[in-house]
Amino acid sequence: MIVIRKELETDYETVEALIRRAFYNLYIPGCVEHYLARRMRNHEDFIRELDFVMELEGEIIGNIMYTKSRLTDENGREKEIVTFGPVCIDPEHQRKGYGKKLIGYSLEQAKALGYEAVVIFGSPVNYVGSGFVSCRKYSICGEGGKYPAAMLVRELAPGALSGHRWLYQDSPVMAVDEQEARKYDDRLEKMERKHLPSQEEFYIMSRSFLE
């Protein structure tokens with residue numbers, strides 16, 4: 001039986017351990033996402049109403065967190081939007097549709113709160129099935145006017161992004177100091193840091209841009 005509910009303070013340790021297992025060695029040797037989750041909860045841009053866990057028969061197997069971010073159009077007008085991440089499913093339960101279900105539920109809740117768009121960074125293969133498209137299709141760029149291949153967008157209110165060019169800026173909380181994250185990780189239960197092929201895929205994707 002699947003239950004999606006808001007994260008409680010009593011879940012924090014379990015969720016951070018879950019995030020650590022899900023991301024360890026995926027993008028870099030080790031990971032920073034569990035440290036980011038800990039930082040996010042105390043930041044002004046963290047959206048507690050969009051912090052969810054997924055339970056399978058009473059066991060937490062998934063988590064998704066949201067922060068506020070913003071778009072600025074060509075006239076300098078700002079639109080507050082949202083960004084999710086970390087989002088994860090326990091490795092033992094991946095590739096079973098749980099992640100898509102968790103994302104879909106959280107997007108419905110974000111829409112109900114009045115947010116009009118979501119911008120994320122990730123591999124397109126993981127998110128196009130949830131309605132995300134390239135940032136280029138909505139004329140949303142990053143710093144320097146570039147369109148990152150990994151920057152994906154979904155409108156929650158049809159037409160909310162139409163007719164403008166946008167600059168995306170995420171929350172300052174996303175700027176994780178990797179050295180501080182490693183120091184924090186070193187205090188936790190030992191996990192072996194490895195170099196894996198997925199890290200090269202991430203390196204390529206994170207440095208790719210669209211014309």
Side-chain angles (χ1 to χ4, degrees), residues 6-7 27-28 32-33 35-52 63-88 102-181 202-211:
K6 290 182 181 177
E7 184 189 40
Y27 299 131
I28 60 172
V32 302
E33 285 80 3
Y35 175 71
L36 171 60
R38 175 167 285 245
R39 280 169 38 93
M40 282 171 57
R41 294 193 191 97
N42 295 316
H43 196 274
E44 62 182 359
D45 290 333
F46 181 59
I47 307 173
R48 297 193 179 277
E49 297 88 345
L50 297 176
D51 176 19
F52 298 107
N63 169 250
I64 190 167
M65 296 181 174
Y66 280 73
T67 52
K68 296 176 183 177
S69 50
R70 70 180 185 271
L71 297 174
T72 305
D73 72 11
E74 67 278 6
N75 299 311
R77 291 190 291 262
E78 291 189 358
K79 179 186 291 290
E80 185 175 88
I81 61 166
V82 291
T83 298
F84 66 65
V87 55
C88 68
L102 180 58
I103 290 170
Y105 176 84
S106 69
L107 291 174
E108 290 177 2
Q109 303 309 306
K111 182 177 180 179
L113 289 174
Y115 292 107
E116 296 184 333
V118 184
V119 173
I120 62 169
F121 285 83
S123 175
V125 70
N126 293 331
Y127 297 106
V128 293
S130 295
F132 284 86
V133 300
S134 168
C135 62
R136 188 70 178 85
K137 292 189 174 182
Y138 285 111
S139 297
I140 298 175
C141 67
E143 294 294 337
K146 294 183 177 182
Y147 297 97
M151 188 159 77
L152 308 171
V153 183
R154 176 167 164 175
E155 277 190 330
L156 299 179
L161 303 177
S162 300
H164 294 282
R165 297 187 305 276
W166 303 96
L167 172 66
Y168 171 76
Q169 291 176 287
D170 59 15
S171 169
V173 75
M174 293 297 186
V176 173
D177 185 319
E178 290 194 13
Q179 289 187 339
E180 290 301 316
F202 170 73
Y203 181 88
I204 294 168
M205 176 59 69
S206 64
R207 289 162 175 76
S208 299
F209 299 91
L210 302 175
E211 292 293 334

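Worth knowing before you read on, the calculation uses all heavy atoms, side chains too, and leaves out hydrogens, waters and symmetry mates. Start at 1 with the first residue, then count along the sequence.
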K.L.:
I'd like to know if the side chain of E155 reaches the main chain of A160, judged simply by a donor and an acceptor atom lying under 3.5 Å from each other, with no hydrogens or angles considered.
P.N.:
yes

K.L.:
For H164 and K79: C-alpha separation, side-chain torsions, deciding distance, then whether side-chain contact (heavy atoms from CB on, under 4.5 Å) applies.
P.N.:
CA-CA 12 Å; H164 294 282; K79 179 186 291 290; over 6 Å; no

K.L.:
Answer yes or no: are there more than 12 heavy-atom neighbours, outside R165 itself, under 6.0 Å from its atom CZ?
P.N.:
no

K.L.:
Tell me whether the rings of Y66 and F84 are parallel (<30°), tilted (30 to 60°) or perpendicular (>60°).
P.N.:
perpendicular

K.L.:
With a 4.5 Å limit on heavy-atom distance, are the side chains of S171 and M40 in contact?
P.N.:
no

K.L.:
Is the backbone of R77 close enough, under 3.5 Å, to the side chain of N75 for a donor and an acceptor to pair up by distance?
P.N.:
no

K.L.:
Just verifying a value: how many Å separate I28 CD1 and F202 CZ, rounded to the nearest 0.5 Å?
P.N.:
8.0 Å

K.L.:
Got a second to check how far R39's CZ is from T67's OG1, nearest 0.5 Å?
P.N.:
11.5 Å

K.L.:
Could you please spell out the steps behind the side-chain contact (heavy atoms from CB on, under 4.5 Å) verdict for L102 and N63?
P.N.:
CA-CA 8 Å; L102 180 58; N63 169 250; 5.5 Å; no

K.L.:
Where do A149 and P124 come nearest, in terms of heavy atoms and distance?
P.N.:
O-CG, 4.0 Å

K.L.:
Supply the atom-to-atom distance Y127 OH to I120 CD1, rounded to the nearest 0.5 angstrom.
P.N.:
5.0 Å

K.L.:
What's the spacing between M151 CE and K146 NZ if we round to 0.5 Å?
P.N.:
12.5 Å

K.L.:
In the structure I gave you, are the side-chain heavy atoms of Y203 and R207 within less than 4.5 Å of one another anywhere?
P.N.:
yes

K.L.:
Evaluate L71 against L161 for side-chain contact (heavy atoms from CB on, under 4.5 Å), listing each step before the verdict.
P.N.:
CA-CA 9 Å; L71 297 174; L161 303 177; 3.6 Å; yes

K.L.:
Just verifying a value: how many Å separate K6 NZ and E49 CD, rounded to the nearest 0.5 Å?
P.N.:
6.0 Å

K.L.:
With a 3.5 Å distance limit and no angle check, can you tell me whether R70 reaches the backbone of L167 through a side-chain donor-acceptor pair?
P.N.:
no

K.L.:
Any non-hydrogen side-chain atom of V32 less than 4.5 Å from a side-chain atom of Y27?
P.N.:
no

K.L.:
Looking at CZ of R154 and OG of S130, how far apart are the two atoms once the value is rounded to the nearest 0.5 Å?
P.N.:
7.5 Å

K.L.:
Can you check whether V153 reaches C135 side chain to side chain, under 4.5 Å on heavy atoms?
P.N.:
yes

K.L.:
Under the criterion side-chain contact (heavy atoms from CB on, under 4.5 Å), I'd like the reasoning laid out for Y115 against E80: C-alpha separation, chi angles, the key distance, then a yes or no.
P.N.:
CA-CA 8 Å; Y115 292 107; E80 185 175 88; 3.8 Å; yes

K.L.:
Any heavy-atom pair between the side chains of D45 and M174 that's under 4.5 Å?
P.N.:
no

K.L.:
Which heavy atom in Y168 sits nearest to a heavy atom in D170, and how many Å separate them?
P.N.:
OH-CB, 3.1 Å

K.L.:
I'd like to know if the side chain of R41 reaches the main chain of F46, judged simply by a donor and an acceptor atom lying under 3.5 Å from each other, with no hydrogens or angles considered.
P.N.:
no

K.L.:
Carefully, step by step, assess T83 and S69 under the rule side-chain hydrogen bond (donor to acceptor under 3.5 Å, both in side chains).
P.N.:
CA-CA 6 Å; T83 298; S69 50; 2.8 Å; yes

K.L.:
Might you point out which heavy atoms bring L156 and A110 nearest each other, and give the distance in Å?
P.N.:
CD1-CB, 3.9 Å

K.L.:
Can you name the one residue among I103, L107, I81 that meets side-chain contact (heavy atoms from CB on, under 4.5 Å) with V118?
P.N.:
L107

K.L.:
Is there side-chain contact between Y105 and I64, with at least one heavy-atom pair below 4.5 Å?
P.N.:
no

K.L.:
Should we say atom CD of E74 is surrounded by more than 12 heavy atoms from elsewhere, each under 6.0 Å from it?
P.N.:
yes

